[in-house]
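Have a look at the structure below, then the notes.
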Amino acid sequence: MARDEARLKAAQAVVRSLVAVKLRFLVPMTIVFMVGYIGLTVLAGFAKGLMAVKVAGPLNLGFTLIALNYVLSWILALVYERIANGTFDPLASKAAADISGRGLAK
């Protein structure tokens with residue numbers, strides 16, 4: 001009985017650390033995305049003259065910012081994938097092993 005409690009407490013600690021690490025990465029990434037997305041929407045609604053400024057030929061600032069928003073989304077997705085593979089997945093595997101009892105059999 002005490003061994004099961006120790007196993008669950010160890011698993012709980014690993015899960016807590018996983019959640020803390022994920023929040024440390026995901027909160028800033030979410031803020032960056034939301035500022036870009038909402039900022040673009042606000043500019044499109046309230047700064048139409050600014051968005052109509054020509055950047056190159058027929059390309060205006062509005063279309064450029066929309067394209068950059070797509071690029072930002074892809075960059076954030078790739079950064080998340082890299083962090084998840086290197087940091088989140090090993091912690092999740094350790095938590096699963098601790099919960100199933102395989103992590104403490106060393």
Show the nearest heavy-atom pair for residues [X] and [Y], with the distance to one decimal.
X: Phe33; Y: Leu72; value: CA-CD2, 4.4 Å
X: Gly36; Y: Asn69; value: O-ND2, 4.0 Å
X: Pro90; Y: Ala84; value: CD-O, 4.3 Å
X: Ala95; Y: Ala11; value: O-CB, 4.3 Å

Look up atom [atom1] in [X] and atom [atom2] in [Y], then write down how far apart they are to the nearest 0.5 Å.
X: Leu26; Y: Ile83; atom1: CG; atom2: CD1; answer: 8.0 Å
X: Leu65; Y: Thr41; atom1: CG; atom2: OG1; answer: 11.0 Å
X: Leu18; Y: Asp89; atom1: CG; atom2: CG; answer: 9.0 Å
X: Arg24; Y: Met29; atom1: CZ; atom2: CE; answer: 13.5 Å
X: Lys54; Y: Leu59; atom1: NZ; atom2: CG; answer: 8.5 Å
X: Arg16; Y: Leu91; atom1: CZ; atom2: CG; answer: 14.0 Å

Could you state whether [X] and [Y] fall into the same hydrophobic cluster, counting links through intermediate Ile, Leu, Val, Met, Phe, Trp or Tyr residues with side-chain heavy atoms under 4.5 angstrom apart?
X: Ile31; Y: Leu43; result: no
X: Leu76; Y: Val71; result: yes
X: Trp74; Y: Ile66; result: no
X: Leu40; Y: Met34; result: no
X: Leu8; Y: Val19; result: no

> For Val14, does its backbone N or O pair with a side-chain atom of Ser17 as donor and acceptor, under 3.5 Å?
Replying inline: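 Pair found, side chain donor or acceptor close to backbone of Val14.
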>> Any heavy-atom pair between the side chains of Asn85 and Glu81 that's under 4.5 Å?
In response: yes
> Just wondering, do Asn60 and Met51 contact through their side chains at under 4.5 Å, heavy atoms?
Replying inline: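 A side-chain contact is absent here, since even the closest heavy-atom pair is not under 4.5 Å.
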>> Once you measure the plane-to-plane angle for Tyr80 and Phe88, does it fall in the parallel (<30°), tilted (30-60°) or perpendicular (>60°) bin?
In response: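 Tyr80 vs Phe88 ring planes: tilted.
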